[in-house]
Amino acid sequence: MRKDWIAGALAACLLLTGCGAGAETANDTETSAGSSAQTNTEEPVSKEIFSMDTYMTVTAYGENGQKAVDAAEQEIERLDALLSTGSADSEISKLNAAGTGQLSEDSAELVSRALEINEGTDGAFDITVYPLMQEWGFTDEAYRVPSDSELAALLEKTGSDRLDWDADSSTLALGDGQAIDLGGIAKGYTSGRIMELFDECDVTSGMVSLGGNVHVYGSKPDGSKWRIGVQDPENSEDIAGVLEVTDCAVITSGGYERYFEQDGTTYHHIIDPSTGKPADSGLSSVTIVSADGTLADGLSTALFVMGADRATEYWRQHADEFDVVLIADDGTISVTEGIADVFSSDHPFETISQQ
Ligand code: AMP
Ligand code: MG
């Protein structure tokens with residue numbers, strides 16, 4: 001695999017700028033907001049943003065590229081302020097503190113999609129894992145391994161079935177001791193919103209990378225497909241393969257993204273809601289490809305928890321909605337048949353077919 005290709009989003013940026021080794025980096029193409037009213041349709045407008053605890057890059061081509069990138073930045077900041085559990089003022093933090101609340105449009109949409117995905121994945125995706133995230137120290141980086149009895153007490157309160165959601169009034173009432181966390185789905189929703197803004201601004205092509213989660217609008221300006229690297233879970237400098245796609249989200253969940261080590265064991269941030277512990281399903285990453293960013297994000301987390309067999313079964317029932325690249329702990333790469341033709345890798349990989 002070419003060494004100058006860097007994983008995920010960055011790979012997409014490099015490929016976007018047409019960079020080979022020694023060519024300009026994504027940073028070099030950055031155009032700061034308001035710098036130029038006139039945008040050459042050939043030139044990308046690109047901006048790096050730090051929000052939602054991650055580095056993001058938004059890039060758009062076309063006459064309205066600058067307008068689209070500015071609108072995307074505002075949208076990212078608006079959604080972060082609404083959804084972040086890290087800020088006490090967010091709508092979600094206030095809901096968690098009060099135990100009940102009426103949600104605004106975006107939060108309501110996210111809660112309702114999260115509940116749908118929770119049901120569809122038999123609870124593998126569950127926004128009520130937040131108290132478990134806190135107990136493991138992932139919310140404040142005061143990492144610790146909880147005792148079995150501490151986990152058992154928290155599991156009593158975990159479960160989306162204990163939430164009382166009234167879709168008509170957009171009112172959510174949490175069960176006793178519950179708190180929610182939209183971190184497993186918010187970035188995909190955000191990238192989906194940015195695609196809507198790109199559409200409204202009528203950009204010719206564009207892409208956004210939110211901490212390695214990529215969403216592309218249209219094809220590249222020259223009409224070719226976007227090339228998006230899937231990170232090698234074992235080596236952040238390398239990629240396991242490349243996906244060539246248009247108009248879709250490519251969203252990865254991996255245990256390598258956030259973790260701590262204690263006594264020789266690694267504990268990562270994706271919690272299996274049935275055990276209260278970091279999921280240990282035999283997968284080291286799951287990459288979902290779908291036109292629906294929210295779905296892609298929710299499912300990347302859920303299928304990581306489910307493991308290869310359940311994930312494959314789930315895909316077979318929903319093959320019209322998404323495709324997936326599964327990378328197992330032993331390095332085995334499996335790709336569903338809908339994207340087998342657009343995935344390439346230096347490593348051998350198997351194709352998961354409908355039957
Ligand atoms: P992602 O990187 O999309 O897989 O999301 C991981 C984030 O989602 C974590 O940092 C938590 O905030 C949250 N999370 C962890 N486990 C789950 C789960 N089983 N279901 C839903 N959200 C989760
Ligand atoms: Mg996710």
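Whatever order the structure lists ligands and atoms in, that order sets their numbers, starting from 1.
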So, regarding Asp126 and ligand 1 (criterion: nitrogen or oxygen to nitrogen or oxygen, under 3.5 Å), is there a contact or not?
yes

Starting from [atom], locate the nearest protein heavy atom and write down its residue, its atom name and how far away it is, to 0.1 Å.
atom	result
atom 10 (O) of ligand 1	His269 ND1, 3.1 Å
atom 23 (C) of ligand 1	Val129 CG2, 3.7 Å
atom 4 (O) of ligand 1	Ser253 OG, 2.6 Å
atom 5 (O) of ligand 1	Gly184 CA, 3.3 Å
atom 1 (P) of ligand 1	Thr301 OG1, 3.3 Å

Heavy-atom contacts with [X] under 4.0 Å: which atoms of ligand 1 show up? List them by number with element.
X	value
Pro273	19 (N)
Arg258	10 (O)
Glu257	2 (O)

Is any side-chain N of the basic residue among Arg193 and Glu196 closer than 4.0 Å to the acidic one's carboxylate O?
yes

Does a salt bridge link Asp106 with Arg78, judged by any charged N lying under 4.0 Å from a carboxylate O?
yes

Would you please classify the geometry between the [Y] ring and the [X] ring as parallel, tilted or perpendicular, with 30° and 60° separating the classes?
X	Y	result
Phe349	Phe343	perpendicular
His268	Phe304	perpendicular
Trp136	Tyr267	tilted

Min over Ile127, Ile185, Ile271 of heavy-atom distance to atom 16 (N) of ligand 1 lands on Ile271

Would the number of heavy atoms belonging to other residues, nucleotides or ligands and lying under 6.0 Å from OH of Tyr259 be above 12?
no

Asp161 CG: over 12 foreign heavy atoms closer than 6.0 Å
yes

Of all the atoms in Thr301, is at least one N, O or S atom closer to the Mg ion (ligand 2) than 2.8 Å?
yes

Any N/O/S atom from Gly184 (main chain or side chain) under 2.8 Å of the Mg ion (ligand 2)?
yes

Using the rule given for salt bridge (Lys or Arg N to Asp or Glu O under 4.0 Å), can you reason through Arg113 versus Asp292, listing the C-alpha separation, both sets of side-chain angles and the distance that settles it, and then say yes or no?
CA-CA 11 Å; Arg113 295 298 305 275; Asp292 180 342; 2.8 Å; yes

Counting heavy atoms under 4.0 Å, the part of Asp181 that contacts ligand 1 is side chain

Please classify the Met133 to ligand 1 contact at 4.0 Å (heavy-atom distances, strictly less than): side chain, backbone, both or neither.
side chain

State whether a side-chain donor-acceptor pair under 3.5 Å links Thr252 with Thr287.
yes

Is a donor from one side chain sitting under 3.5 angstrom from an acceptor on the other, for Asp70 and Gln66?
yes

Is the closest heavy atom of Ala124 to ligand 1 under 4.0 Å?
yes

